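Ligands are counted one by one from 1 in listed order, and the atoms in each one are counted from 1 as well. By convention here, the first residue in the shown sequence is residue 1. Computed from a predicted structure; not experimentally measured.
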Amino acid sequence: MASASIPASPSPWTTPHPSPPPTYSPPLSFPPPEDLVPTVTRLHDIYSSVDLPHQTSRWHALVARFKALYDRPMTFVARSPGRVNLIGEHIDYSWFPVLPMATVHDVLVAVCVLPQNDPVADDRIILSNVSSSKYPTRVFNTRDFQDPFFEISTTGTDVDWSAYFLAGLKGALMFSKLCAAETSPLPTMRILVDGDIPPCAGLSASSAFVCSSLLAVLAATTSSMIEKSFLVNSSVISERVLGVNSGGMDQAASVFGVRDHALLVDFRPLVSAKPVRVLDTVPPLCFVLANSLVVAANRAETGPDTYNVRVVETVLAAEILARKYNVGRLEIRDGFGGTLRGFYDRVCEQEGWTMGDRESEERAVREVVRRVQETFDRDQYSLDEVAEKLGQKTEDMVRKYMTRFPIRAKYLNLRDRSIHVIEESFRVKCFSSLLASSTVHLRTLSGSESRPYFDALGALMNASQASCANFFECSCPEVDELTQIARRYGAAGSRMTGTGWGGCTVSLVRADKVADVINGLKKEYYAVRYPGLSASQLEEAVFAIRPGNGTALAKIEDV
Ligand code: NG1
């Protein structure tokens, strides 16, 4: 009989060697098909049988609306899903691996490319959105673009919905110049967008929109043979026009998504994702998503006080640690600065530690955290104090690290942010090793025997939440409350997912407890804080979620 103890599977980790920064050049040789964004011909290739009925009527409506609007059939649909991060929050921009999954929710960019000889071919891109009925408080005006470069004005706090499309369009035009010796002129395009990812909830609706827009324009102008890693990298860069200093997790999860699998996304030496199957336990392991309905506003507005500051804090911490411990110059991420992973790897190299097993990793984490605490003996440092530790003048430091993306901060917390990043990276390793072991060890376990396994995964999620709240300070009271309620009603673990400061929680729940957890959340959170929500709004706010497939080009003959 299988043992009920938690399987001590070896970590899948090997410490990567330092390598050159990522480049975004197109493939020189023919890539294997699994490295390419797939072109699918059936809805079944995108959605599971559970989601097919609902998705089929949604796609029917999209096809009909497109025809009614433009009097042309759509040529293809670029489809990108949102993502839920299971564990590994705010560590992607420190280059540590993360463990997200793609959602079934997605953004569909339906396109008709009009040939030059079409009577209405006019070199214009007309962009409409079907979402007005779903989100009545938001404005989705139809837009008409003739000169994309001239008209793009996407920075600032007032971001129109079309800015995300324009970011993708701009990126596609920039990158297709790299792909093609001769760039074809922009064709006449008619576009209709349909998104069902709840906006501003930390599910990456914006990245999915940029990614699908970029793919749509690339497919319309250059080729439909697009490498997944290329799409990830170019989407990350494209989103910058919106003032977003992105870590890359969202785009990777959206592009590499695999149904029923989480993704162990690594950023070094190149962006990659290893699918880890999650649903083979008895009872099945499920995830419940709950939207706090606290909207963290758009990034352009809040980033200077939140996300952008965290990026700078982690970069400066890495640079200061590297200087103090004399580990040599760190590899620069994104033309910006060193990373905490760079420092961590250098420490391991210097100490001659061979990594790969849990004990070695744990020892390395403890040592790096010790050095962090030795270097930063309190939580707050003024900019002058940070500059002094860095060995630079304050104005030079500000110019180098704090102007590329807007920042509003007088004090920085380098200690607690670094501790979160280093420890969270270890939790990702433990969590993914445990998940990976599930298919081998747990199929035959009865409910009570699998409990330690669920508890071990849940404990990692709970520790992650505590660290996000206390060290990274990116949670909020409503999100904390949701996690507590979920645990009280039987979730093995619960944590925020995504940027935070609002947004969603994800809870790990055994299948037989899902209804209890959802009902508990409805009763203790939504009925108390949002008593006016309709049944359908509640369904949209809290639901069980499965990992879905990644980005695809859909050329579906018969929806
Ligand atoms: P969301 O929740 O999609 O804004 C952001 C970043 C990620 C990652 C998480 C925190 C963007 C587009 N996404 O996610 O890269 O850093 O926060 O883990 O910036």
Side-chain angles (χ1 to χ4, degrees), residues 80-103 105 107 159 163-164 167-168 171 195 197-211 214 232-255 263 265-267 271 273 289 291-292 294-304 306-315 333-334 336 339-341 405 417 420-421 424-425 427-428 464-465 467-468 471-476 479 495-506:
S80 292
R83 68 97 189 88
V84 173
N85 190 20
L86 298 179
I87 197 157
E89 217 60 81
H90 286 280
I91 65 173
D92 57 347
Y93 48 84
S94 290
W95 264 345
F96 278 111
V98 291
L99 196 81
M101 66 191 208
T103 62
H105 304 81
V107 176
V159 180
Y164 299 93
I197 307 171
C200 301
L203 298 186
S204 262
S206 45
S207 295
F209 192 6
V210 173
C211 192
L214 198 144
V232 172
N233 290 325
S234 47
S235 298
V236 170
I237 292 173
S238 302
E239 207 166 329
R240 300 233 167 100
V241 78
L242 302 163
V244 173
N245 189 359
S246 168
M249 164 175 71
D250 305 346
Q251 297 82 356
S254 185
V255 172
L263 302 161
V265 174
D266 200 351
F267 302 94
V271 67
L289 207 83
N291 191 340
S292 66
V294 174
V295 176
N298 69 59
R299 181 73 65 75
E301 216 170 299
T302 57
T306 56
Y307 194 91
N308 295 355
V309 181
R310 296 294 181 271
V311 175
V312 166
E313 284 172 326
T314 53
V315 168
R333 175 183 169 268
D334 206 9
F336 193 49
T339 63
L340 283 167
R341 178 174 178 179
F405 293 94
R417 310 311 181 220
H420 166 79
V421 170
E424 182 79 350
S425 74
R427 285 188 282 271
V428 171
S464 168
Q465 171 61 21
S467 181
C468 284
F471 285 121
F472 220 71
E473 295 180 279
C474 55
S475 188
C476 68
V479 164
R495 57 179 298 280
M496 54 165 275
T497 180
T499 311
W501 294 285
C504 285
T505 60
V506 59

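Taking any N or O of E89, backbone or side chain, at least one lies under 3.5 Å from an N or O belonging to ligand 1. Taking only nitrogen or oxygen atoms, main chain and side chain alike, D250 reaches within less than 3.5 Å of ligand 1. Where the criterion is an N or O separation shorter than 3.5 Å, residue side chain and backbone included, G88 fails it with respect to ligand 1. The shortest N/O to N/O separation between Y307 and ligand 1 falls below 3.5 Å. Between S204 and ligand 1, at least one N/O pair is under 3.5 Å apart.
The heavy-atom pair separating S238 from G171 by the smallest distance is OG-CA, 3.3 Å. Pairing each heavy atom of G248 with each of V236, the nearest pair is CA-CG2, 3.7 Å. Listed here is the closest heavy atom pair of P304 and V309: O-CG2, 3.0 Å.
Every atom of ligand 1 with a heavy atom of Y93 under 4.0 Å away is listed here by number and element: 16 (O). Here is the list of ligand 1 atoms found below 4.0 Å of a heavy atom in M249: 8 (C), 9 (C), 15 (O), 18 (O). Distances below 4.0 Å separate heavy atoms of T499 from the following atoms of ligand 1: 1 (P), 2 (O), 4 (O), 5 (C), 14 (O), 17 (O). Contact atoms of ligand 1 toward H90: 10 (C), 18 (O) (distance under 4.0 Å to a heavy atom of the residue). Taking a cut-off of under 4.0 Å to the non-hydrogen atoms of G248, the atoms of ligand 1 that pass are 15 (O).
With values rounded to the nearest 0.5 angstrom, L203 atom CG is found 5.5 Å from L289 atom CG. Taking CZ from R83 and CG from L263, the interatomic distance works out to 11.5 Å, rounded to the nearest 0.5 Å.
The option with the heavy atom closest to atom 7 (C) of ligand 1, from among T306, T497, D92, is D92.
Aromatic ring pairs are classed by plane angle as parallel below 30°, tilted from 30° to 60° and perpendicular above 60°; the pair H420 and F472 is tilted.
When only modelled atom types and interatomic distance are considered, S475 and Q465 share a side-chain donor-acceptor pair under 3.5 Å.
Using a 4.0 Å cut-off between heavy atoms, S207 contacts ligand 1 through its side chain alone, with no backbone atom that close.
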Requested in this report: Evaluate the ring-ring contact (aromatic ring centres under 6.0 Å, His included) criterion for residues Y307 and Y93: first the C-alpha distance (whole Å), next the side-chain angles of each, then the deciding distance (0.1 Å), finally the verdict.
Outcome: CA-CA 11 Å; Y307 194 91; Y93 48 84; 5.1 Å; yes
